[in-house]
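Since this is a predicted model, take the numbers as computed values, not measurements. Counting starts at 1 for both ligands and their atoms, in listed order. In what follows, every heavy atom counts, from backbone to side chain, and hydrogens, waters and symmetry copies are set aside.
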Amino acid sequence: MSNLKLPSQLPPYQKQRHKSYAGLGGVNASAATSPTSNFSTSFQLVVTAPTSSAIANLSAMNNGANQKIPDGFTSMDHQVAGHTFHVGTDEIGMLKSNDDGSVLKPAGSPMCAAREIKFYEQLLTTTDKDILPLRDFTAEYRGTQTLNVGTKTVNFIKLRDLTHGMLEPCVIDIKIGRRTWDPLATEQKREAEESKYQMCKNTVGFCIPGFQTFHIASGTYKKFGKEYGKKLNQNTVKDGK
Ligand SMILES: O=P(O)(O)O[C@@H]1[C@@H](OP(=O)(O)O)[C@H](OP(=O)(O)O)[C@H](O)[C@H](OP(=O)(O)O)[C@H]1OP(=O)(O)O
Ligand SMILES: Nc1ncnc2c1ncn2[C@@H]1O[C@H](COP(=O)(O)OP(=O)(O)O)[C@@H](O)[C@H]1O
């Protein structure tokens, strides 16, 4: 019999080992584990849901360039995929709030933002027994926040940082599903999506846009990006090599 015990003060996301879940639309799952704490695995899921025009208007502010990380925020240390913030370029990416440590994700295109926000808002109030279990697989939603970034006004989705409190988090972003394009996607987008991660998506039904591992012996991280993930196949994906 094992005498290993979970520390009672760990937040819920560190107590659970979750399964992955495939939803109706596109699904991204980010998992974070820390090699220096027992049983600390969590998943963050982003499930797309139908659009809403009110939310679409909110995110419509997100067009254009920006050059500066707003005061009170930093770029994310442990981001393994998705859009990243590059000071001096037009690219807007994830931010981390200095006050409560929340992760701020740029709301993106109006349609994607609307779906993502609607999903999180539905999840707060739903009584649907098919949707409720997703709460256990999803980062805590903390609303939206509008920031002035350079000369632009940008809307962000605010989430709890799944790596919060972890000293050396190992993180993986898993994109679930064979089909990663939207029913309303253009032919061009559809073709682009179908040409990526083919060997994984068509066989195991998911792909890995990025991950990082921490090596205790050397005290360093190893990061693997989307170009690495695109080369994985049904065999190599098992070990990530
Ligand atoms: O070009 P890539 O390879 O970075 O593709 C982006 C995707 O990254 P991936 O390679 O699938 O991990 C990326 O996927 P994630 O959001 O990272 O899951 C988006 O699909 C992105 O499209 P959009 O700009 O949000 O409309 C995709 O961008 P587009 O090239 O379609 O504009
Ligand atoms: N709640 C979160 N906590 C910690 N890291 C996160 C969280 N949400 C996203 N990330 C990090 O940001 C990356 C991009 O997030 P994702 O939701 O996939 O964005 P996008 O939809 O732009 O691809 C993930 O790979 C992960 O590293």
Please find the pair of heavy atoms, one from K226 and one from Y197, that lie closest to each other, and give the distance.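 Reported closest heavy-atom pair: CB-OH, 3.2 Å.
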
Is the closest basic N to carboxylate O distance between [X] and [Y] below 4.0 Å?
X	Y	answer
E193	K189	yes
K118	E121	no
R142	E140	yes

| field | Same cluster (ILVMFWY, side-chain, under 4.5 Å), M76 and L95 | value |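 Different clusters.
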
Which ligand 2 atoms, with their elements, are less than 4.0 angstrom from a heavy-atom of [X]?
X	answer
D173	18 (O), 24 (C), 25 (O)
D161	3 (N), 4 (C)
M94	8 (N), 9 (C), 10 (N), 12 (O)

Which option wins on minimum heavy-atom distance to [atom]: [options]?
atom	options	result
atom 1 (N) of ligand 2	H83, E116, R160	R160
atom 11 (O) of ligand 1	H83, K175, M111	K175
atom 7 (C) of ligand 1	K196, K189, K230, Q188	K196

Any N/O pair [X]/ligand 2 closer than 3.5 Å:
X	result
L162	yes
L159	no
T163	no

Worksheet entry | Under 3.5 Å side-chain donor-acceptor pair for S102 and K96 |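 No - no donor-acceptor pair under 3.5 Å links their side chains.
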
I'd like to know if the side chain of T126 pairs up with that of D128 as donor and acceptor (distance under 3.5 Å, no hydrogens or angles considered).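 No donor-acceptor contact under 3.5 Å links the two side chains.
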
Practice prompt. Please confirm whether the backbone N or O of Y141 pairs with a side-chain atom of R160, one donor and one acceptor, at under 3.5 Å?
Written response: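 Not at all, since once roles are kept as given, no pair shorter than 3.5 Å links the two residues.
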
What part of A139, side chain from CB on, backbone N/CA/C/O, both or neither, has a heavy atom under 4.0 Å from ligand 2?
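Near ligand 2, A139 shows its side chain, while the N, CA, C and O stay back.
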
- prompt: What part of Q79, side chain from CB on, backbone N/CA/C/O, both or neither, has a heavy atom under 4.0 Å from ligand 2?
  reply: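 Both of them.
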
Can you tell me if H78 contacts ligand 2 (heavy atom of the residue under 4.0 Å from the ligand)?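 Yes, H78 has heavy atoms under 4.0 Å from ligand 2.
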
Handout entry: M76 touching ligand 2 at heavy-atom level, < 4.0 angstrom
Key =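 Under 4.0 Å: yes for M76.
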
Note to self: Are H78 and Y221 an aromatic pair, judged by ring center distance below 6.0 Å?
What the structure shows: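 Ring centroids of Y221 and H78 are less than 6.0 Å from each other.
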
* Asked: Which atoms of ligand 1 are found less than 4.0 Å from any heavy atom of P209?
  ->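 Those atoms are 12 (O).
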
